[in-house]
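Step one of this worksheet: look at the structure below.
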Amino acid sequence: MLLQQRPLCSRVATRLERVAVPVHLPVNAPILAIPTAGVVCSSSPSSVDSRRSAGSRLRVLAQAAAVEAPRQYKAPGQGVSQVNVVYKFGGSSVRDAERMREVADIICSFPQYLPCVVLSAMGKTTNMLLECGDLALRTSTDKISELPPLQNIRKLHLGTCDELGIESSVRAEVEHLINELRQLLIGISIMQDLTPRAKDSLVSFGERLSTRIFASYLRSQGVPARQHDAWDLGLTTTDDFTNADVIYEASLPAIAAALKPKPGQQVEIPIVTGFLGRGQNTGAVTTLGRGGSDLTATVLGAALELPEVQVWKDVDGVLTSDPRIVPSTRPVTELTFEEATELAYFGAQVLHPQAMQPAIRSGKMNVRVKNSYNREAAGTIISAQRDMDCTVVTSIVLKSNVTLVDIISTRMMGQYGFLATVFDTFRRHKISVDVVATSEVSVSLTLDPKKITGAPDDELSQVQLELDKMAAVQFRKGLAIISLICNVEKTSEILMRAFSVFQREGINVLMMSQGASKTNISLVVDGARGTEAVLALHREFFDGPSVCALTGARLSQGITVELPNGNGNGSHN
């Protein structure tokens with residue numbers, strides 16, 4: 001809007017200035033003089049063509065300068081002999097060449113730290129790989145090379161290689177991996193089957209490509225770095241393809257030994273594939289579930305017994321709610337591991353649900369969430385404990401499209417084994433249960449259709465047939481779970497305020513459950529009113545003042561009084 005309010009000549013100048021922003025010249029590089037006398041403020045067709053021509057020339061110059069005169073980095077960890085922090089960067093943080101330059105700049109801006117860097121696949125590469133697999137099932141082998149997502153993957157990665165000027169040997173390795181990917185897709189086309197094992201192998205190419213490109217870029221800039229596939233470091237998992245569990249007893253000592261400094265060897269930054277491991281029995285590539293790069297980072301941190309792991313995202317830390325729903329959402333500066341786990345499990349996209357487990361096992365490692373687009377933001381520090389005295393609600397999470405199951409059986413009154421029979425039914429059908437509320441003769445629970453193996457309607461029909469033998473069963477679909485991550489010592493206040501909001505808005509609560517973790521209260525409502533309910537609750541608990549139980553000071557709940565130093569001057573605190 002600001003650009004639209006400026007005079008035309010000012011807008012042209014602004015465009016020219018923005019063209020020059022990506023150009024990163026060495027300190028002593030000559031400055032390209034761009035004549036400004038030719039910029040005409042007339043709106044005539046000839047002047048417009050002239051401006052377009054000038055803008056095109058400037059873009060060419062800027063792109064050439066960005067390749068020929070890259071940024072000058074100083075290797076971090078000067079005088080440090082071993083890794084003392086883990087950084088993890090997600091797909092949006094390394095989506096293209098310019099973002100990779102920015103990540104390199106972040107890494108090199110903290111000279112006192114020698115990091116181990118965990119990377120996700122570039123941008124939407126994982127989605128494109130999955131799309132390739134689906135298309136290969138209905139594409140003839142001679143047409144595999146023409147698949148649009150495969151061509152986009154090739155263009156993105158080879159174009160990034162060229163733009164970053166990486167080593168020719170690594171560019172050849174990238175081409176080899178893309179050809180290997182094509183061969184895998186041909187195999188899927190021939191077999192007409194995309195097994196979970198093949199799917200894990202398929203999506204592994206994203207991280208294998210991004211880490212090789214980034215490590216080579218660092219080396220080309222004079223920063224010693226070495227790429228590692230996580231399984232080569234010893235990250236071992238169960239053989240549950242697409243959602244494997246880390247086997248800590250095998251993984252932690254192996255990783256510690258692999259990353260231990262070797263006498264006489266140059267100190268290098270390890271660049272490690274996130275999301276990937278190797279099955280203990282099959283030896284095949286496995287994945288840790290979507291978002292599993294967070295888990296890779298905390299596993300590495302636990303193996304190296306580090307005090308902190310930093311997960312760099314595209315938001316200013318963990319937020320009080322989903323910003324796509326609540327425009328006034330804000331960062332939460334502190335969380336406990338329990339709070340972070342509950343947030344992740346109920347749908348917050350900031351961290352992998354299992355990422356806190358290595359930190360909990362460690363007993364001395366914190367996890368910090370930072371913004372790679374705004375490195376000066378304080379972020380969120382996640383630790384074993386925090387002061388909850390001035391906290392009522394920390395965050396509000398919405399999980400949509402859930403199914404509520406009511407199971408009622410008066411015949412089972414006073415009989416043992418009722419719940420065991422119910423949950424064994426869901427176990428045999430591999431259906432995960434989210435929220436549970438029970439009484440003597442009934443149990444109500446929620447299911448996430450997206451987590452059901454096979455066709456959800458077919459699986460639920462089979463479950464109903466089995467449960468009908470001992471109870472009356474009712475399914476209600478299209479509902480929503482609103483999870484209040486909160487200080488449950490103030491449950492009475494929280495429920496009083498929450499239900500007053502629902503009464504005022506005319507929203508009916510169908511089920512309520514308080515988690516055993518004592519940090520979560522879940523409320524099930526009509527899915528059509530889920531967003532409305534979250535907005536109303538956020539206004540109640542965050543947009544209005546509340547009273548701190550200790551001091552009587554008025555503050556917005558979920559935001560602690562003391563903020564960490566986020567001045568970006570090289571301190572992580």
Side-chain angles (χ1 to χ4, degrees), residues 130 193-200 237-248 277 279-282 284 286-292 295 341-342 344-347 352-354 357 399-481 483 510-511 513-517 520 522 524 527:
L130 291 171
D193 190 16
L194 181 56
T195 64
R197 179 170 176 165
K199 185 176 290 187
D200 274 2
T237 73
T238 61
D239 294 286
D240 301 306
F241 297 105
T242 73
N243 194 25
D245 291 322
V246 175
I247 300 176
Y248 290 96
Q280 186 177 42
N281 297 321
T282 62
T286 56
T287 62
L288 306 178
R290 292 302 292 266
L295 178 54
T341 301
E342 292 283 347
Y345 185 81
F346 282 98
H352 187 278
Q354 297 296 322
Q357 293 307 309
K399 190 171 188 177
S400 301
N401 192 31
V402 301
T403 298
L404 176 63
V405 186
D406 292 319
I407 305 166
I408 304 172
S409 177
T410 55
R411 300 194 308 273
M412 296 300 293
M413 182 179 293
Q415 301 295 313
Y416 60 83
F418 174 49
L419 289 179
T421 304
V422 168
F423 286 105
D424 185 62
T425 303
F426 290 105
R427 179 193 62 81
R428 285 185 284 102
H429 288 273
K430 297 181 179 180
I431 297 176
S432 176
V433 174
D434 287 337
V435 177
V436 180
T438 65
S439 71
E440 178 66 25
V441 296
S442 68
V443 57
S444 295
L445 49 86
T446 63
L447 312 171
D448 185 350
K450 297 190 293 295
K451 295 181 180 179
I452 297 177
T453 304
D457 288 341
D458 293 342
E459 292 291 342
L460 293 179
S461 295
Q462 290 297 317
V463 168
Q464 183 162 15
L465 284 175
E466 294 186 32
L467 293 178
D468 277 343
K469 298 174 184 178
M470 63 172 183
V473 182
Q474 180 182 3
F475 290 89
R476 284 183 279 182
K477 300 179 181 179
L479 305 180
I481 300 174
S483 294
L510 305 174
M511 172 181 161
S513 175
Q514 182 170 317
S517 68
N520 172 36
S522 293
V524 179

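Numbers here simply count residues along the sequence, with the first being 1.
- For the pair F423/L445, a side-chain contact is recorded, criterion being any heavy-atom separation below 4.5 Å from C-beta on.
- Considering OG1 of T242 and CZ of R197, their distance stands at 13.5 Å, rounded to 0.5 Å.
- Using a 4.5 Å heavy-atom cutoff, the side chains of D406 and R476 are in contact.
- Closest approach of Q280 and I247 over heavy atoms only: OE1-CD1, 3.1 Å.
- We find the CG-NZ distance between L404 and K477 to be 12.5 Å, quoted to the nearest 0.5 Å.
- The shortest non-hydrogen separation linking T237 to G277 is CG2-CA, 4.1 Å.
- In this structure, D458 CG and H429 NE2 are separated by 11.5 Å, a value rounded to the nearest 0.5 Å.
- Taken from CD1 in I408 to CG in L467, the straight-line distance is 12.5 Å, to the nearest 0.5 Å.
- Inter-residue side-chain proximity for M470 and V422 is flagged as met; some heavy-atom pair is nearer than 4.5 Å.
- Expressed to the nearest 0.5 Å, how far CD of E466 lies from OG1 of T421 amounts to 11.0 Å.
- Within the 4.5 Å cutoff, side-chain heavy atoms of D448 are placed close to those of K399.
- The two residues F241 and A284 make their nearest non-hydrogen contact at CE2-CB, 3.8 Å.
- The shortest heavy-atom contact between S483 and S522 is OG-OG, 3.3 Å.
- The OG atom of S442 lies 9.5 Å from the CD1 atom of I407; values are rounded to the nearest 0.5 Å.
- In this structure, L447 and V433 have side chains that are in contact, with non-hydrogen atoms separated by less than 4.5 Å.
- At distances below 3.5 Å, at least one donor-acceptor pair connects side-chain atoms of D239 with backbone N or O atoms of T282.
- Inter-residue side-chain proximity for L479 and T446 is flagged as unmet; no heavy-atom pair is nearer than 4.5 Å.
- Looking at D200 and T287, their side chains do bring a donor and an acceptor atom within 3.5 Å of each other.
- Here the shortest heavy-atom pairing between D240 and T238 reads OD2-OG1, 2.9 Å.
- Within the 4.5 Å cutoff, no side-chain heavy atoms of V402 are placed close to those of V435.
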